[in-house]
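Shown next, in structure tokens, is the structure this report addresses.
Here is how names work: the chains are called A, B, and so on, in the same order as the sequence lines, proteins then strands, and each is numbered from 1.
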Amino acid sequence: MAKSPSRPKDGSIKAPAEESHAARPVSEARALAICVHHGNRPDELLEILHALQHELGHIPETTLPVIANALNLSRAEVYGVLTFYHEFHRAPVGRHVIKICRAEACQSMGTDALCNHAEHKLSTKIGETSSDGKFTIEAVYCLGNCALSPAVMIGENLYGKVDAKRFDEIVGSLDKETVQ
Amino acid sequence: MITVYVPRDAAALSVGADEVAAAIATEAVKQKKDVKIVRNGSRGMLFLEPLVEVETPNGRIAYGPVSPSDVADLFKANFLEGGAHKHYRGATKEIPYFKMQERLTFARCGITDPLSIEDYRKHGGFDGLLKAIAMKPIDIVTEVTASGLRGRGGAGFPTGIKWKTVHDLAADQKYVACNADEGDSGTFADRMLMEGDPFCLIEGMTIAAIAGGATKGYIYVRSEYPHAINALKEAIEIAKKANFLGTNIQGSGYSFDLFVRRGAGAYICGEETSMLESIEGKRGLVRYKPPIPAIEGLFGKPTIINNVMSFAAVPIIIAKGGEFYKNYGVGRSRGTLAFQLAGNIKQGGLVEKAFGVTTRELIEKWGGGTASGRPVRAVQVGGPLGAYLTVEKLDVPMDYEEFVKIDAMVGHGGLVVFDDTVDMAKMARFAMEFCAIESCGKCTPCRIGSQRGVEVIDKIIAGTDRTKNLELLEDLCVTMTDGSLCAMGGLTPMPVMSALKGFPDDFHRAPKQPVAEAAE
């Protein structure tokens with residue numbers, strides 16, 4: 001990975017306010033550049049947040065006033081949007097975010113067991129990050145792969161018919177990538 | 001040179017289509033075979049993915065499901081000339097699953113290269129648009145009205161009436177907005193079309209723009225669909241270059257600019273007014289209606305909003321006439337619907353069929369029963385807000401009105417099948433939990449009601465004061481149905497009540513507990 005988000009060694013999720021000072025100017029400069037790239041248009045706010053999260057792994061609290069100022073919005077408005085959408089992270093996450101579908105179709109094919117397996121395998125909970133900072137597990141509701149349930153998405157890669165064995169294989173290959 | 005098709009559809013990719021395509025390319029080089037690999041959309045037979053097809057003098061021959069380790073073997077079996085192999089499925093168009101369908105909207109999906117505009121034209125693409133350019137806008141509206149097309153997103157509102165409202169208004173700017181926030185579990189038709197035939201959606205939206213007098217359009221795609229987003233963005237650029245989008249389309253004087261907007265994981269943004277807020281860069285809070293979006297929609301301007309499937313049905317309606325489309329279907333449900341067989345089903349996939357087909361036919365004739373081999377116990381039709389049908393109700397024809405009569409809805413045509421191991425009390429609880437997670441929070445019945453719903457169902461499951469709590473749950477459902485601002489809170493009671501009425505035993509499993517014990 002070109003740019004991994006700053007992450008405490010124990011993998012715990014820090015409150016956004018505790019963001020290290022050294023990271024601030026970079027994040028803020030990037031936020032500003034992305035806003036400019038999107039013409040500083042307030043209707044592009046979601047696209048801006050997506051782009052920023054893509055680069056930094058999350059949306060640091062310090063970028064909110066920068067974005068608000070660039071788009072001529074209040075900070076509260078930007079904060080409101082950021083917190084409304086499940087996809088945006090306000091704190092650093094693991095290097096790989098594993099999204100497991102928990103919607104009805106995947107439930108009918110045993111996603112509950114898969115979730116238990118994933119939590120056990122990665123020694124973490126859904127919504128949390130593994131202690132080595134490699135993996136975050138998230139529950140999502142439908143990945144549009146309902147004929148090949150249970151479905152998992154990691155980054156932009158979609159996986160179908162994921163049972164415990166396949167899950168281990170996928171995680172194993174990601175782990176190898178991370179080491180390299 | 002031999003053409004081999006390996007789908008680029010996300011579902012196919014999820015079971016290794018990229019790896020299969022790479023293996024075929026490598027093996028072809030090794031064996032000095034001149035092979036051209038086309039990454040097509042999916043045929044919809046998702047249980048056969050990755051479905052590899054070979055162009056032969058006898059038509060396209062299918063092999064599936066193919067894994068990368070099968071590839072060397074396929075070459076050995078001479079699959080490039082249609083040779084026999086354990087994954088041999090014969091001519092693709094003769095596979096019963098495919099042959100028994102009535103493909104209008106998905107006529108090209110899986111057949112063409114999704115990003116080849118020449119391929120699209122060769123298969124009747126842009127016939128509708130070229131015809132629409134020569135028509136008066138009001139005649140386009142009339143044709144769509146005559147087709148009987150109703151909103152495919154789930155609500156089933158007549159598309160022509162929406163268009164007429166926008167057509168009749170005078171405004172300095174009008175918009176077309178496509179709802180591609182396909183968040184319902186058990187649905188993937190929008191995704192398949194956007195990835196497998198994106199020009200079809202672009203064409204349908206452009207026709208809508210001409211009919212309504214709009215010059216700008218947005219496609220709001222959920223962020224869980226990166227492949228669809230990329231396909232659409234590429235297709236838009238290609239269409240622009242070929243002058244099927246942009247300024248003065250094909251010399252007609254009409255101009256239409258189209259943009260893709262990405263959601264961010266909020267189910268509620270599939271509600272049309274919430275989607276508008278989201279496109280405007282705001283929190284996806286549902287708007288009060290009236291004013292309806294046709295009058296005051298995106299950025300306060302008249303807006304035609306339709307689902308992907310509605311727009312994608314338009315090109316063929318205009319090309320072949322409203323009457324042609326109307327000849328499919330039953331009652332007031334005209335045309336075809338892309339049914340999606342999902343969940344615990346042996347042969348999951350997309351089945352485009354005229355209205356009137358029954359749930360049982362879809363599950364048995366196409367689906368081949370459950371994946372687990374156990375008996376079907378419940379089928380949820382129409383997404384997370386749709387009813388759970390008992391097996392006794394599976395013979396009701398797919399028809400908007402017939403489904404209302406049994407307290408259910410056809411919705412987007414998604415079917416999620418459950419076998420006899422399902423715990424319906426748990427599914428009812430999940431419906432409330434899902435609503436609590438995804439509620440936009442604007443209205444109380446939805447925001448608080450869903451939370452209370454989870455708690456009440458928990459008490460019922462635990463056997464705490466069950467009779468009173470069942471009464472309370474029914475009362476809560478009435479409040480949510482009548483008092484919610486949109487379909488999220490308004491329809492969550494549908495799966496809950498259908499589970500309660502259809503599968504009462506599941507709610508009475510635990511021994512009864514006295515009230516005092518529960519209070520501890």
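- Among B:G16, B:G348, B:S185, the residue with the largest count of heavy-atom pairs under 4.5 Å with chain A is B:S185.
- Only the side chain of B:M427 comes within less than 4.5 Å of a heavy atom of chain A; its backbone N, CA, C and O stay farther away.
- Neither the backbone nor the side chain of B:F259 comes within contact range of chain A; no heavy atom of the residue lies under 4.5 Å from a heavy atom of that chain.
- Looking at B:R261, the atoms closer than 4.5 Å to chain A (heavy atoms on both sides) sit in the backbone and in the side chain alike.
- Looking at residues two or more places apart in sequence or on another chain, you find a ring-ring contact (aromatic ring centres under 6.0 Å, His included) between B:F47 and B:Y97.
- In terms of heavy atoms, A:R166 sits closest to B:V15 at NH2-CA, 4.5 Å.
- Only the side chain of A:R41 comes within contact range of chain B, judged by heavy atoms closer than 4.5 Å.
- When each of B:E438, B:H227, B:K426 is scored by its heavy-atom pairs under 4.5 Å with chain A, the top score falls to B:E438.
- In this structure, A:C142 and B:R222 approach most closely via the heavy-atom pair O-NH2, 2.9 Å.
- The minimum heavy-atom distance between B:V416 and A:S108, with the atom names listed, is CG1-OG, 4.5 Å.
- Taking 4.5 Å as the limit, every side-chain heavy atom of B:F188 sits out of range of all side-chain heavy atoms of A:L143.
- B:N230 touches chain A through its side chain: at least one heavy atom from C-beta onward sits under 4.5 Å away, while N, CA, C and O do not.
- Closest of all the heavy-atom pairs between B:R283 and A:Y85 is C-OH, 3.8 Å.
- Contact tally against chain A (heavy-atom pairs below 4.5 Å) for B:P384, B:G284, B:A10, B:G183: the top residue is B:G284.
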Atom pairs and distances, donor-acceptor, side-chain atoms in residues 147-160 of chain A, under 3.5 Å, two or more places apart:
residue, atom, partner, partner atom, Å
A:S149, OG, A:C146, O, 3.2

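- Checked against the 6.0 Å centroid criterion, the rings of B:Y267 and A:Y141 do not qualify as a close aromatic pair.
- Counting heavy-atom pairs closer than 4.5 Å to chain A, the top-ranked of the candidates B:F299, B:Y225, B:F430, B:F418 is B:F430.
- Comparing A:E104, A:E87, A:E44, A:Q53 by heavy-atom pairs within less than 4.5 Å of chain B, the highest count is held by A:E104.
- When B:E224, B:E49, B:R262 are compared by the number of non-hydrogen pairs under 4.5 Å with chain A, B:R262 comes out ahead.
- Of the two parts of B:I268, only the side chain, counted from C-beta on, holds a non-hydrogen atom closer than 4.5 Å to a non-hydrogen atom of chain A.
- Contact annotation for B:L46: both backbone and side-chain heavy atoms come within less than 4.5 Å of a heavy atom of chain A.
- For B:A11, the parts sitting under 4.5 Å from any heavy atom of chain A are the backbone and the side chain alike.
- Ranking A:E77, A:K99, A:R102, A:E47 against chain B, the residue ahead of the rest is A:E47, based on heavy-atom pairs under 4.5 Å.
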Q: List the steps, then state whether side chain to side chain contact (heavy atoms under 4.5 Å, CB included) holds for B:I437 with A:H86.
A: CA-CA 10 Å; B:I437 296 169; A:H86 300 303; 4.2 Å; yes
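- In this structure, chain A has no heavy atom under 4.5 Å from any part of B:S372.
- Heavy-atom minimum distance, A:H50 versus B:A264: NE2-CB, 3.8 Å.
- Proximity to chain A (any heavy atom under 4.5 Å) is restricted, for B:R191, to the side chain, taken from C-beta onward.
- Both the backbone and the side chain of B:C440 have a heavy atom closer than 4.5 Å to some heavy atom of chain A.
- By number of non-hydrogen pairs under 4.5 angstrom with chain A, the leading residue of B:A189, B:G441, B:G263, B:G414 is B:G263.
- One finds the CG atom of A:L45 at 9.5 Å from the OG atom of B:S278 (value rounded to the nearest 0.5 Å).
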